[in-house]
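See below for the structure under consideration.
Note that the structure is a prediction, hence the values are computed from the model and not measured.
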Amino acid sequence: MAQTARIVGKVEYREGDGPVVEIREGPVEVSISENDVTLSWVDEEVHGSTAIPIDDFRRYVDEGKIRLDGPEQAKA
């Protein structure tokens, strides 16, 4: 089940073996599964999406860099 959140700090991910990419601040859609979290966003006309390990996601939430709109809707 997806829920909404906001990126409010430095949140990064890596595309394969490529460089680390920062997700811009603003609204994202969050889909939580057992092992990872998919973040999806729209930046002007570009749609972005990435999966990050659930431990990284929870660290970003605990650090206040991702603010969930309501309680986490799925727990691993």
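No continuous path of hydrophobic side-chain contacts links Val28 to Val42 [ILVMFWY only; heavy atoms under 4.5 Å]. Residue Val21 is grouped with residue Ile52 when hydrophobic side chains (ILVMFWY) are merged at heavy-atom distances under 4.5 angstrom, including chains of intermediate members.
Separating the CG atom in Asp69 from the CZ atom in Arg6 is a distance of 8.0 Å, to the nearest 0.5 Å. If you take CG on Asn35 and CG on Asp55, they are separated by 9.5 Å, rounding to the nearest 0.5 Å.
Applying the side-chain hydrogen bond (donor to acceptor under 3.5 Å, both in side chains) test to Glu29 and every residue at least two apart in sequence or in another chain returns nothing. Applying the side-chain contact (heavy atoms from CB on, under 4.5 Å) rule to Val46 yields no partners; only residues at least two apart in sequence or on another chain are considered. Scored by the side-chain contact (heavy atoms from CB on, under 4.5 Å) test, Arg67 finds Val8 as partners (sequence neighbours excluded).
Within the structure, no pair that satisfies the salt bridge (Lys or Arg N to Asp or Glu O under 4.0 Å) test touches residues 44-54, not counting sequence neighbours.
The nearest pair of heavy atoms linking Ile54 to Ser33 is CD1-O, 3.6 Å.
Side-chain contact between Trp41 and Ile7 is absent, with no heavy atoms from C-beta onward closer than 4.5 Å.
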Cut-off 3.5 Å, no hydrogens considered: what does the side-chain donor-acceptor table look like for residues 59-66, sequence neighbours left out?
residue	atom	partner	partner atom	Å
Tyr60	OH	Glu12	N	3.1
Tyr60	OH	Glu12	O	3.3
Glu63	OE1	Lys65	NZ	3.3

request  = I would like to know whether Tyr13 and Leu39 meet side chain to side chain contact (heavy atoms under 4.5 Å, CB included); could you show each step before the answer?
outcome  = CA-CA 10 Å; Tyr13 68 97; Leu39 302 175; over 6 Å; no
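Side-chain N or O atoms of Arg58 include none that pairs as donor or acceptor with a backbone N or O of Pro53 at under 3.5 Å.
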